[in-house]
Amino acid sequence: MRLLLSRRLSRLEDTQALAEEALGLLPRGALVALEGPLGAGKTTFVGFLARALGFPGRVTSPTYTLIHTYPTPEGPVVHADLYRLKDPSLLLGQLEAALEGARLGLVEWGEPRLLGASHLLRLSPEGEARRAELWEVGPGEEEGV
């Protein structure tokens, strides 16, 4: 894996800036696994990405619906949450279908290798702030970071 960026997030504006910067590093069709504890800001990050791509609405967690799709001028943003699934592989077919033609896919609580993710965003608590790291994941790479 290759680290693309690392930031300390102290304020909501820092998360917005991270999303805008990350967007420039995420090619069309990128699939990003989002990793971090409950409340780390995964859905907030997705909201800022969707807004940066022109989605004017509200982004919410797909914890119960499993997949949300947000239309943008550049193509849909697909947001999935695998937290409640005992076997996330059961959703992979539906997720793949939703990702067809998407500008960007973001999956909370998904294992990058299982998903075939191209990127990993790791959000880690750091006292009152968080550390955000965006990694590029190569095919078949182990997560050992």
Side-chain angles (χ1 to χ4, degrees), residues 1-10 12-55 57-72 74-126 129-145:
M1 292 198 318
R2 182 170 69 105
L3 182 64
L4 298 178
L5 63 87
S6 178
R7 299 287 179 271
R8 187 168 195 271
L9 310 175
S10 300
L12 196 56
E13 293 82 9
D14 297 336
T15 304
Q16 181 176 7
L18 171 72
E20 291 168 359
E21 185 176 359
L23 190 55
L25 300 171
L26 297 171
R28 174 172 282 291
L31 179 58
V32 182
L34 301 173
E35 183 180 281
L38 287 170
K42 297 178 291 293
T43 298
T44 300
F45 176 77
V46 172
F48 283 129
L49 275 176
R51 186 173 302 140
L53 285 166
F55 177 69
R58 186 168 173 249
V59 170
T60 59
S61 175
T63 299
Y64 294 100
T65 57
L66 302 179
I67 299 175
H68 287 169
T69 301
Y70 304 107
T72 78
E74 293 190 34
V77 172
V78 176
H79 180 203
D81 187 328
L82 308 181
Y83 182 75
R84 294 183 331 110
L85 299 179
K86 289 185 191 319
D87 184 0
S89 67
L90 297 176
L91 188 68
L92 291 182
Q94 186 179 350
L95 181 58
E96 284 178 25
L99 290 168
E100 280 187 39
R103 165 57 178 93
L104 192 57
L106 301 120
V107 181
E108 298 186 35
W109 304 100
E111 181 184 324
R113 281 178 291 148
L114 175 69
L115 296 169
S118 57
H119 294 78
L120 168 67
L121 178 73
R122 182 172 288 150
L123 295 165
S124 309
E126 241 184 28
R130 288 164 289 140
R131 168 68 46 198
E133 297 175 333
L134 179 65
W135 297 84
E136 183 177 48
V137 180
E141 275 189 299
E142 295 296 322
E143 285 183 58
V145 290

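Just so it is clear, the model here is predicted, and its values are computed rather than measured. Hydrogens, waters and symmetry mates play no part in the numbers below; they use all other heavy atoms, side chains included.
- A pairwise comparison of heavy atoms in His119 and Ala30 identifies ND1-CB, 4.0 Å as the closest pair.
- Pairing each heavy atom of Leu9 with each of Ala132, the nearest pair is CD1-CB, 3.7 Å.
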Practice task
Under the side-chain contact (heavy atoms from CB on, under 4.5 Å) rule, what do Thr65 and Thr60 come out as? Steps first, then yes or no, please.
Solution key: CA-CA 10 Å; Thr65 57; Thr60 59; over 6 Å; no
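- Counted within 6.0 Å of CZ on Phe55, heavy atoms from surrounding residues, nucleotides or ligands total more than 12; the atom is thus considered enclosed.
- Using a 4.5 Å cut-off on side-chain heavy atoms (C-beta onward), Pro88 and Glu111 make no contact.
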Practice task
Any chance you could lay out the side chain to side chain donor-acceptor pair (under 3.5 Å) test for Arg130 and Thr15, step after step, and finish with the verdict?
Solution key: CA-CA 10 Å; Arg130 288 164 289 140; Thr15 304; 3.2 Å; yes
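- Minimum interatomic distance between Gly75 and Arg103 (heavy atoms only, all atoms of both residues): O-CB, 3.8 Å.
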Exercise for the section: Evaluate side-chain contact (heavy atoms from CB on, under 4.5 Å) for Val78 paired with Leu104, printing each intermediate quantity in order. Expected result: CA-CA 6 Å; Val78 176; Leu104 192 57; over 6 Å; no
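- Of all heavy-atom pairs spanning Asp14 and Arg8, the tightest one is OD2-O, 4.1 Å.
- Considering only heavy atoms from C-beta on, Leu5 comes within 4.5 Å of Glu21 through its side chain.
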Sequence neighbours left out, cut at 3.5 Å: what donor-acceptor pairs do the side chains of residues 39-53 make with other protein atoms?
residue	atom	partner	partner atom	Å
Lys42	NZ	Gly36	O	2.9
Lys42	NZ	Pro37	O	2.9
Thr43	OG1	Glu108	OE2	2.6

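- Here the CG atom belonging to Leu106 is positioned 8.5 Å from the CG atom belonging to Leu121, to the nearest 0.5 angstrom.
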Practice task
Just do the side-chain contact (heavy atoms from CB on, under 4.5 Å) check on His68 and Val59 with the steps written out, would you?
Solution key: CA-CA 9 Å; His68 287 169; Val59 170; over 6 Å; no
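- The number of heavy-atom neighbours closer than 6.0 Å to CZ of Arg58, taken from other residues, nucleotides and ligands shown, is 12 or below.
- Annotation for Ala33 and Leu115: closest pair CB-CD1, 4.2 Å, computed over non-hydrogen atoms.
- Remark: Met1 CE to Leu120 CG distance equals 5.5 Å, nearest 0.5 Å.
- With His79 contributing its side chain and Gly105 its backbone, the two residues share no donor-acceptor pair below 3.5 Å.
- A donor-acceptor pair is defined here as one N or O able to donate and one able to accept, closer than 3.5 Å; no such pair exists between the side chain of Arg122 and the backbone of Leu134.
- Residues Trp109 and Asp81 come closest through the heavy atom pair CD1-OD1, 3.2 Å.
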Exercise for the section: List the steps, then state whether side-chain contact (heavy atoms from CB on, under 4.5 Å) holds for Trp135 with Val32. Expected result: CA-CA 9 Å; Trp135 297 84; Val32 182; over 6 Å; no
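- Using a 4.0 Å cut-off between a side-chain N of Lys or Arg and a carboxylate O of Asp or Glu, Arg7 and Glu133 do not qualify as a salt bridge.
- Although no hydrogens or angles enter the test, the distance criterion places a donor-acceptor pair under 3.5 Å between the side chain of Ser118 and the main chain of Leu31.
- With values rounded to the nearest 0.5 angstrom, Leu95 atom CG is found 5.0 Å from Ile67 atom CD1.
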